[in-house]
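Reading through the structure tokens given below for one structure.
For this chain, numbers begin at 1 and follow the sequence in order.
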Amino acid sequence: MTSGYLLLAAGLAGYAMADGLPGHLAATVVWSAGDVLMFGRSYALVVDLAPPDARGRYLAVFGTCWGFATVLAPLCGTRLLEHAGPAGLWGGLAAACLLLAAAQLTVIRPLLRRQGSYAIVGAGPP
């Protein structure tokens with residue numbers, strides 16, 4: 001997941017610096033690779049962190065959060081675009097992805113180690 005967030009950050013930063021079609025295409029390829037690495041594993045991570053008898057509820061809450069994001073992202077994104085411009089929007093999103101990559105290393109891995117779960121997110125034994 002950390003690698004996925006880092007690729008997302010690189011691709012989004014690429015949009016902030018892109019000047020033409022080739023730069024935008026390259027940025028799209030990079031963040032798409034991060035997307036592929038990360039989003040398939042996010043559901044597995046939710047299941048792995050949930051107690052066995054609450055996995056359905058955890059997945060329901062996780063899915064509901066995507067619904068909130070679908071409503072809030074266009075509202076917040078257009079405000080950020082209006083006030084910070086395209087470079088500010090893409091740079092801010094890249095910075096958020098870098099923070100999420102750090103969170104994977106500092107928060108999620110210790111949780112998985114404590115539970116003894118390593119295979120799903122690629123976190124090796126301590």
Side-chain angles (χ1 to χ4, degrees):
M1 298 260 310
T2 302
S3 298
Y5 277 120
L6 291 174
L7 285 170
L8 279 172
L12 294 170
Y15 283 134
M17 297 181 295
D19 195 21
L21 184 60
H24 284 94
L25 289 175
T28 301
V29 168
V30 171
W31 80 256
S32 294
D35 193 35
V36 167
L37 282 175
M38 192 181 66
F39 283 115
R41 291 186 173 152
S42 61
Y43 287 95
L45 179 62
V46 171
V47 168
D48 201 36
L49 290 173
D53 62 331
R55 288 182 177 156
R57 288 186 298 255
Y58 275 58
L59 285 170
V61 169
F62 184 70
T64 302
C65 290
W66 281 105
F68 287 121
T70 301
V71 172
L72 293 176
L75 299 173
C76 297
T78 54
R79 297 290 296 179
L80 186 56
L81 182 61
E82 179 183 349
H83 293 290
L89 170 69
W90 297 117
L93 292 172
C97 286
L98 290 175
L99 289 173
L100 291 168
Q104 293 300 308
L105 296 173
T106 59
V107 176
I108 301 299
R109 272 197 180 166
L111 282 174
L112 292 173
R113 280 193 186 116
R114 188 172 43 199
Q115 289 182 332
S117 305
Y118 305 109
I120 291 180
V121 293

Residues that, via side-chain heavy atoms closer than 4.5 angstrom, fall in one hydrophobic cluster with Val29: none
Other ILVMFWY residues reachable from Leu25 by side-chain steps of under 4.5 Å: Leu21
If Ile, Leu, Val, Met, Phe, Trp and Tyr residues are connected whenever their side-chain heavy atoms lie under 4.5 Å apart, and connections chain through other members, are [X] and [Y] in the same group?
X: Trp31; Y: Leu81; value: yes
X: Val30; Y: Phe39; value: no
X: Leu105; Y: Leu100; value: no

Only distances under 3.5 Å count here; give the side-chain donor-acceptor pairs of residues 3-12 to other protein atoms, sequence neighbours excluded, each with its distance to 0.1 Å.
none

Heavy-atom pair of closest approach, residues [X] and [Y]:
X: Gly23; Y: Ala18; answer: C-CB, 3.7 Å
X: Ala16; Y: Gly91; answer: CB-N, 4.0 Å
X: Ala13; Y: Ala94; answer: N-CB, 3.8 Å
X: Met38; Y: Met1; answer: O-SD, 3.5 Å

Set of side-chain contact (heavy atoms from CB on, under 4.5 Å) partners for Leu80, sequence neighbours left out: Ala84, Leu89
Contacts table for residues 53-72: side-chain donor-acceptor under 3.5 angstrom, sequence neighbours left out:
| unit_1 | atom_1 | unit_2 | atom_2 | d |
| --- | --- | --- | --- | --- |
| Arg55 | NE | Val47 | O | 3.3 |
| Thr64 | OG1 | Ala60 | O | 2.8 |
| Thr70 | OG1 | Trp66 | O | 2.8 |

Within residues 79-93 or reaching into it, pairs that qualify as side chain to side chain donor-acceptor pair (under 3.5 Å) - sequence neighbours excluded: Arg79-His83
Partners passing side chain to side chain donor-acceptor pair (under 3.5 Å) against Thr28 (at least two apart in sequence or in another chain): Tyr15
